[in-house]
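The block underneath contains the structure these notes are about, expressed in structure tokens.
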Amino acid sequence: MGKKNPAVDSYIEEAQPFARPIIRKLRALFHKADARLDEKIKWGCPSFEYKGMVGGFAAFKKHVSWGMLKASLMKGKSAAMKSDASSPFGGGSVTNVSQLPPDETLIDLIRQGVALNEAGVKNPKRTNLKKKPPAKTPPDLAAALGRNALAKKTFEAFSPSHKREYIEWITEAKQDVTRQKRLATAIVWMAEGKPRNWKYLKC
């Protein structure tokens with residue numbers, strides 16, 4: 001029998017009122033599809049796993065996203081999912097239980113995910129991905145980092161993608177006032193060891 005995680009109970013209770021019926025139903029369907037599924041919190045959101053992740057969901061302020069980790073390998077996905085993206089959040093965004101696919105369709109996708117994991121099937125490797133060159137640190141950010149040792153240490157330890165998130169957020173500001181405000185906020189967050197999108201790590 002799969003294990004229910006108290007952390008998922010807490011996640012549901014902390015979600016927006018509109019989201020609770022949606023995620024309760026998704027949770028019930030995962031367990032109905034296969035009793036061996038275990039609940040975990042992964043990337044700050046509920047994950048359902050059996051010999052690896054099968055799928056999951058995330059409750060945001062105005063919608064709920066759900067999906068299957070190996071969607072691209074599943075049959076019948078086009079009738080249920082907005083895309084065939086292999087992601088625990090790639091199945092679609094809904095605001096009401098009625099917008100979910102039929103129960104039997106979701107159960108079938110979940111069981112396919114379990115079967116793929118049981119067989120040891122992996123997602124195909126992505127090919128022909130163009131690597132972006134490292135983002136250049138703008139002078140004002142470099143100067144601000146030079147004045148804050150903690151922020152500078154965090155920034156230098158970031159992966160290229162995390163550095164890019166901050167750099168693009170700051171440089172895409174259309175007004176200088178906005179840019180300066182974002183720069184100041186970025187320094188505070190980095191001094192606390194936070195990446196640019198730290199809020200979404202908790203969904």
Side-chain angles (χ1 to χ4, degrees), residues 5 7-8 10-16 18-19 22-23 26 39-49 52-53 55-69 71-72 81-95 123 125-203:
N5 190 332
V8 176
S10 298
Y11 183 92
I12 293 171
E13 291 306 313
E14 292 171 4
Q16 295 291 328
F18 84 89
I22 302 170
I23 56 184
L26 285 167
E39 296 179 343
K40 295 184 180 180
I41 295 292
K42 200 162 197 174
W43 304 314
C45 304
S47 164
F48 295 82
E49 306 191 9
M53 181 185 278
F57 53 74
F60 296 93
K61 288 184 178 179
K62 295 185 178 180
H63 70 274
V64 172
S65 292
W66 65 276
M68 305 295 162
L69 194 65
S72 64
M81 309 180 77
K82 286 191 175 180
S83 77
D84 64 355
S86 291
S87 163
F89 315 128
S93 298
V94 299
T95 58
N123 270 322
K125 290 185 178 180
R126 295 163 67 186
T127 58
N128 300 323
L129 293 178
K130 292 182 179 179
K131 290 186 177 180
K132 292 183 179 181
K136 293 183 179 180
T137 305
D140 53 351
L141 175 57
L145 289 169
R147 295 190 293 270
N148 190 306
L150 286 176
K152 183 177 182 181
K153 183 178 180 181
T154 298
F155 184 78
E156 290 178 345
F158 275 154
S159 65
S161 63
H162 278 172
K163 289 180 180 178
R164 182 182 297 280
E165 287 170 356
Y166 268 118
I167 291 170
E168 291 181 348
W169 184 52
I170 292 167
T171 58
E172 287 173 0
K174 294 181 179 180
Q175 297 182 1
D176 186 61
V177 172
T178 304
R179 180 170 178 137
Q180 294 306 313
K181 184 177 180 180
R182 290 183 180 181
L183 179 59
T185 300
I187 294 300
V188 170
W189 285 351
M190 285 188 277
E192 296 173 351
K194 296 175 179 176
R196 159 72 182 95
N197 294 312
W198 64 271
K199 293 181 180 179
Y200 299 105
L201 296 178
K202 295 183 179 180
C203 296

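When every heavy atom of Ile22 is checked against every heavy atom of Thr95, the shortest pair comes out as CD1-C, 3.5 Å. Of all the heavy atoms in Asn5 and Glu39, the pair that sits closest is N-OE1, 2.7 Å. Minimum interatomic distance between Met190 and Leu141 (heavy atoms only, all atoms of both residues): CE-CD1, 4.2 Å. When all heavy atoms of Ala151 and Ile187 are compared, the pair lying nearest together is CB-O, 3.7 Å. Taking each heavy atom of Pro138 and Ile167 in turn, the nearest pair found is CD-CG2, 3.9 Å. Heavy atoms only, all atoms of each residue included: Asn148 and Ala191 are closest at OD1-CB, 3.9 Å.
Side-chain contact between Ser65 and Ser93: present, with at least one pair of heavy atoms (C-beta onward) separated by less than 4.5 Å. In this structure, the side chains of Ile41 and Pro46 come closer than 4.5 Å at one or more pairs of heavy atoms.
For the atom pair CZ of Arg196 and OG of Ser161, the computed distance is 13.5 Å after rounding to the nearest 0.5 Å. Atom OH of Tyr166 sits about 16.0 Å away from atom CZ of Arg164, to the nearest 0.5 Å. Taking CG of Leu150 as the start and CG of Leu145 as the end, the distance is 11.5 Å to the nearest 0.5 Å. In this structure, the separation between OG1 on Thr137 and CD on Glu156 is 9.5 Å, given to the nearest 0.5 Å. Note: Arg147 CZ to Lys152 NZ = 12.0 Å, rounded to the nearest 0.5 Å.
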**Request:** Take Gln180 and Asp140 through the test side chain to side chain contact (heavy atoms under 4.5 Å, CB included) and record every step on the way to the result.
**Result:** CA-CA 9 Å; Gln180 294 306 313; Asp140 53 351; 4.2 Å; yes
**Message:** Apply side chain to side chain contact (heavy atoms under 4.5 Å, CB included) to residues Met53 and Phe48 and explain how you reach the verdict.
**Reply:** CA-CA 6 Å; Met53 181 185 278; Phe48 295 82; over 6 Å; no
**Request:** Could you walk me through whether Glu13 and Ser10 pass the side chain to side chain contact (heavy atoms under 4.5 Å, CB included) test, one step at a time?
**Result:** CA-CA 5 Å; Glu13 291 306 313; Ser10 298; 5.8 Å; no
**Message:** Set out, in order, the CA-CA distance, both residues' side-chain angles and the distance that settles side chain to side chain contact (heavy atoms under 4.5 Å, CB included) for Arg179 and Ile170, then state yes or no.
**Reply:** CA-CA 6 Å; Arg179 180 170 178 137; Ile170 292 167; 3.9 Å; yes
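Between His63 and Phe60, the ring-plane angle classifies as parallel under the 30° and 60° cut-offs. Below 30°, between 30° and 60°, or above 60°: for Phe57 and Tyr11 the angle between ring planes is between 30° and 60°, a tilted geometry.
Applying the salt bridge (charged side-chain N to carboxylate O under 4.0 Å, His left out) rule to Lys136 yields no partners; only residues at least two apart in sequence or on another chain are considered. Ala15 meets the side chain to side chain contact (heavy atoms under 4.5 Å, CB included) test with Ala19, Arg20, Ile23, Ala59; sequence neighbours excluded.
Every pair passing side-chain hydrogen bond (donor to acceptor under 3.5 Å, both in side chains) that includes a residue from residues 182-195 is listed here, sequence neighbours excluded: Glu192-Lys194.
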